[in-house]
Amino acid sequence: MEPIVVNNNFKSEEYFINMGPQHPATHGVLRLLLTIDGEIIKKVEPDLGYIHRSIEKMCERDSYQQIVHLTDRMDYLSSNINNEAVCLAVENALQLEVPERVKVVRTIIGELTRIASHTLWWGVTGMDVGAFTTFFYGFRDREMINDIFEETCGARLTMNYNIPGGLMFDIHPNFVKRTKEFVAHFKTKLPEYDALLTNNVIFQHRTKGVGVLTKEDAISFGASGPVGRASGYSCDVRVHHPYSALDKVKFKEAIRTEGDTFARYKVRIQEMWESLSIIEQLIDNIPEGDHKVATNAVIKLPKGEFYQRVETARGELGVYIISTGTKNAHRVKFRSPGFSNLSLLNHISVGSKIGDLVAIMATLDLVIPDIDR
Amino acid sequence: MSKITKISKETTLSSTALSVGSPPPSGELEGASSSPKGRLGGAFMTNEALQNIITTWIPELEFSEAESQFLNITVKPELLHELMLQLKNNNETKFDYLFCLSGVDWGAELGVVYHLESTEYRHTIVVKVKTADRENPTFDTVCDIWRTAEFHEREVFDFFGIKFTNHPNLKRLFLTDEWSGFPLRKDYVDEINMIVK
């Protein structure tokens, strides 16, 4: 019998396998088509669209208040920061000055969201490279933040706490106390993270020198967030284009120059320290005042184009609104950090092994709904 | 039971041995300067200065600052690639970071909007390119200039049907190959109520 030639483009020793869309290490429905030679990766091609919900099209149908709720469902681990981005864009367009209290509370909740996202990332990163305990440690600490959110916002994951003009309701009376408790608690736990995983020899062997991204490539591929900063590229939107109360706080942008998987890991650990510091600077000085300013029941943005950049836990989120002066946007584009960060996966993983690909993907910290908007 | 007590004792011991509540030594990390300053002769440029220098490269460009927080350049499709190369490579502009690439349907025209920033000088600019050809809209690719454009252009192709010449891998990214039409176009007919309820 004649052998069946499937594809003439492959050399005899190369073959291709599917990773995902249900692979646990892809953290969602991402399908990667791997071309491999033995265990060496020759090419990684992401296949997207398994959970695309066409949020941008829905934004052309819905009012500006409704759009905010859709953004929760992009990067669900940074939901509060996504909400804030749309609210800031709408407020800037309306030239609406929100009360100082709103700005400070938004920043505190944003940083809590960042820590919650990073603790989850730390837990699953450990698990991806074979350390199961980290998962429980990470979730234990994240639970405290979720409880704070539940008390104040009524939800644990998709908060919907921001509205154009301020916050949906004022913070819970326990908010300050519980946030301080968390900060004190987490300061004793973060060194444990280092003791358990960062200083672990096996973990370091799995991550150091793996998936190196140079600074030039990071900029060219539009990498942002910890992925860009681990390559020595200062790209923190909070530093370069501060929003809400971020111009009132002092913090150090976490930057490393190695560009490998371990550097991306260390940047996120350092960011958790910085977020704690930002919360400490603000938590005792939440100004008194209203939690929102009144807006019209039907918000109409003036004719024009509005762009808002924020730093989510994964990197730079851009909200681009084109308005023709009606109650619906003509076009809304979300520049999501995960999408650009995914585009460099092939570039940094060619030549490494499948096990390394898992480690690389863990520190790219992809959230698939953020890519499949 | 005794085992559990033992474990918890060890945990307490190890946590006290660690430096509780202090961040890692600062020498371990390279700090970033919060106010990036231009080097190598270049510096942050105002919109006016940017407009002055860009006009000297290509005279027939439309500039506008109305209804936007950025300086907007509208360029003809045949001059797009030349302008983009200059914006990236010129030592005074150095727009090396393409932070957003969006397809837009303006009704009569289809087009692409490029948001650019210089990571060294921190000035920003927006470049727009439009075409009235809705049957076969085509622009030059910019993925040879910014590699992030490769995925973003595929997304635009997928949802707007805008083609990019010289793109290395132009095919649908999110939708299946059999999908007919381009959903983010304003004239897209949504027959099976996939998007609009």
Side-chain angles (χ1 to χ4, degrees), chain A residues 48-49 52 54 56-58 60-61 92 184 187-192 194-195 216-217 219-224 229 232-236 239-240 252-257 266 269-270 273-274 276-277 302-307 309 316 318 320 322 330-331 333 335 339-340 342-344 347 372, chain B residues 11 14-15 17-24 26 28-34 36 66-70 72 96-107 113 115 117 119 122 126 145-152 155 158-159 169 172-176 183-184 186 188 190 194-197:
Chain A
L48 305 173
H52 197 281
S54 207
E56 290 174 7
K57 185 80 175 177
M58 285 196 271
E60 294 174 11
R61 176 196 67 188
N92 288 344
K187 277 189 165 179
T188 64
K189 296 303 170 193
L190 256 175
E192 282 186 13
D194 283 340
E216 288 69 32
D217 287 339
I219 298 172
S220 181
F221 274 106
S224 57
R229 290 194 280 283
Y233 160 37
S234 166
C235 58
D236 197 328
V239 172
H240 298 295
K252 219 169 98 184
E253 186 180 2
I255 289 195
R256 290 183 80 86
T257 48
K266 287 287 280 182
I269 295 282
Q270 180 65 20
W273 283 110
E274 299 300 334
L276 284 177
S277 151
K303 190 170 180 288
E305 299 185 359
F306 310 98
Y307 197 95
R309 306 166 76 170
E316 175 175 343
Y320 178 39
I322 301 179
H330 182 75
R331 167 94 169 101
K333 157 88 184 181
R335 181 261 190 234
F339 186 66
S340 296
L342 174 71
S343 70
L344 53 85
H347 180 71
D372 277 4
Chain B
T11 325
S14 64
S15 65
L18 294 159
S19 57
V20 175
S22 61
S26 56
E28 205 182 330
L29 287 143
E30 275 191 34
S33 61
S34 56
E67 297 171 351
S68 173
Q69 72 235 57
F70 304 110
N72 289 262
D96 51 357
Y97 178 31
L98 175 68
F99 64 90
C100 191
L101 191 160
S102 334
V104 181
D105 184 354
W106 278 283
V113 181
H115 286 74
E117 184 178 35
T119 58
R122 295 289 164 191
V126 175
I145 309 174
W146 300 280
R147 299 190 67 176
T148 183
E150 195 176 320
F151 263 49
H152 280 92
E155 189 186 357
D158 203 353
F159 293 143
N169 187 23
R172 292 228 188 233
L173 182 62
F174 293 108
L175 301 174
T176 53
L184 278 178
K186 292 288 176 185
Y188 178 71
D190 181 20
M194 285 281 282
I195 300 157
V196 181
K197 66 168 185 285

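Heavy-atom basis, side chains included; hydrogens, waters and symmetry copies ignored. Remember, it's a predicted structure, so these values are computed and weren't measured experimentally. Numbers restart at 1 for each chain; the letters A, B, ... are given by sequence-line order, proteins then strands.
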A.B. asks: Who pairs with A:His52 by ring pair (Phe, Tyr, Trp, His ring centres under 6.0 Å), at least two apart in sequence or on another chain?
C.D. replies: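 Checked A:His52 against ring pair (Phe, Tyr, Trp, His ring centres under 6.0 Å); matches are B:Phe159, B:Phe174.
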A.B. asks: Under 4.5 Å heavy-atom distance to chain A, tell me which part of B:His152 shows up: side chain, backbone, both or neither.
C.D. replies: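 Answer is both: backbone and side chain atoms of B:His152 are under 4.5 Å from chain A.
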A.B. asks: Answer yes or no: are there more than 12 heavy-atom neighbours, outside A:Lys303 itself, under 6.0 Å from its atom NZ?
C.D. replies: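 Atom NZ in A:Lys303 is not crowded, with 12 or fewer foreign heavy atoms closer than 6.0 Å.
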A.B. asks: Below 4.5 Å from any heavy atom of chain A, which atoms of B:Leu184 appear? Answer side chain, backbone, both or neither.
C.D. replies: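 Both parts, backbone and side chain.
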A.B. asks: Return the minimal non-hydrogen interatomic distance between B:Asp105 and A:His330, and the atom names on each side.
C.D. replies: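 Shortest heavy-atom separation between B:Asp105 and A:His330 comes out as O-NE2, 2.7 Å.
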A.B. asks: For a 4.5 angstrom cut-off between non-hydrogen side-chain atoms, does B:Cys100 reach A:Glu316?
C.D. replies: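 In short, these two side chains do not touch, never coming nearer than 4.5 Å.
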A.B. asks: How long is the span from the CD1 atom in A:Ile219 to the OG1 atom in B:Thr148, to the nearest 0.5 Å?
C.D. replies: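 These two atoms lie 12.5 Å from each other.
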A.B. asks: State, with a plain yes or no, whether a side-chain heavy atom of A:Lys333 is found less than 4.5 Å away from one of B:Val104.
C.D. replies: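 A:Lys333 vs B:Val104: side chains apart.
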A.B. asks: Heavy-atom cut-off 4.5 Å, strictly under: side chain, backbone, both or neither for A:Glu274 against chain B?
C.D. replies: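 Neither; nothing under 4.5 Å.
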A.B. asks: What pair of heavy atoms forms the shortest contact from B:Tyr97 to A:Gly222, and how long is it?
C.D. replies: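 Distance-wise, the nearest heavy atoms are CE1-CA, 3.8 Å.
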A.B. asks: Out of curiosity, B:Glu117 CD to A:Cys235 SG, how far, rounded to the nearest 0.5 Å?
C.D. replies: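 So the CD of B:Glu117 and the SG of A:Cys235 are separated by 10.0 Å.
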A.B. asks: Enter the distance from B:Leu173:CG to A:Phe339:CZ here, rounded to the nearest 0.5 Å.
C.D. replies: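 The CZ atom of A:Phe339 is 5.0 Å from CG of B:Leu173, to the nearest 0.5 Å.
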A.B. asks: Among all residues two or more places apart in sequence or in another chain, which pass the salt bridge (charged side-chain N to carboxylate O under 4.0 Å, His left out) test with A:Glu216?
C.D. replies: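 Listed in chain order: nothing, the list is empty.
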A.B. asks: State, yes or no, whether a side-chain contact exists between B:Arg147 and A:His347 at a heavy-atom distance under 4.5 Å.
C.D. replies: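 Yes. Closest side-chain heavy atoms under 4.5 Å.
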A.B. asks: Considering only heavy atoms, which portion of A:Arg309 lies under 4.5 Å from any heavy atom of chain B: side chain, backbone, both, or neither?
C.D. replies: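 Side chain only.
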A.B. asks: Which answer fits A:Ile322, side chain, backbone, both or neither, if we ask what part of it has an atom under 4.5 Å from a heavy atom of chain B?
C.D. replies: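 Contact with chain B involves the side chain of A:Ile322 alone.
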A.B. asks: Would you indicate whether the side-chain heavy atoms of B:Val113 and A:Tyr307 approach each other to under 4.5 Å?
C.D. replies: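 A:Tyr307 does not reach B:Val113 side chain to side chain.
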A.B. asks: Which residue out of B:Ala149, B:Gly107, B:Ala66, B:Gly103 racks up the most heavy-atom pairs below 4.5 Å with chain A?
C.D. replies: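 Highest number of heavy-atom pairs under 4.5 Å: B:Gly103.
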A.B. asks: Check whether A:Leu190 gets within reach of chain B through its side chain, its backbone, both or neither, counting any heavy atom under 4.5 Å.
C.D. replies: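 Contact with chain B involves no heavy atom of A:Leu190 at all.
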A.B. asks: Can you check whether B:Ser102 reaches A:Arg335 side chain to side chain, under 4.5 Å on heavy atoms?
C.D. replies: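 The answer is no; the side chains never approach within 4.5 Å.
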A.B. asks: Heavy-atom distance under 4.5 Å between the side chains of B:Glu155 and A:Glu56, does that happen here?
C.D. replies: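 B:Glu155 vs A:Glu56: side chains touch.
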A.B. asks: Tell me, for B:Asp158 versus chain A, whether the close heavy atoms (under 4.5 Å) come from the side chain, the backbone, both or neither.
C.D. replies: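 Contact with chain A involves no heavy atom of B:Asp158 at all.
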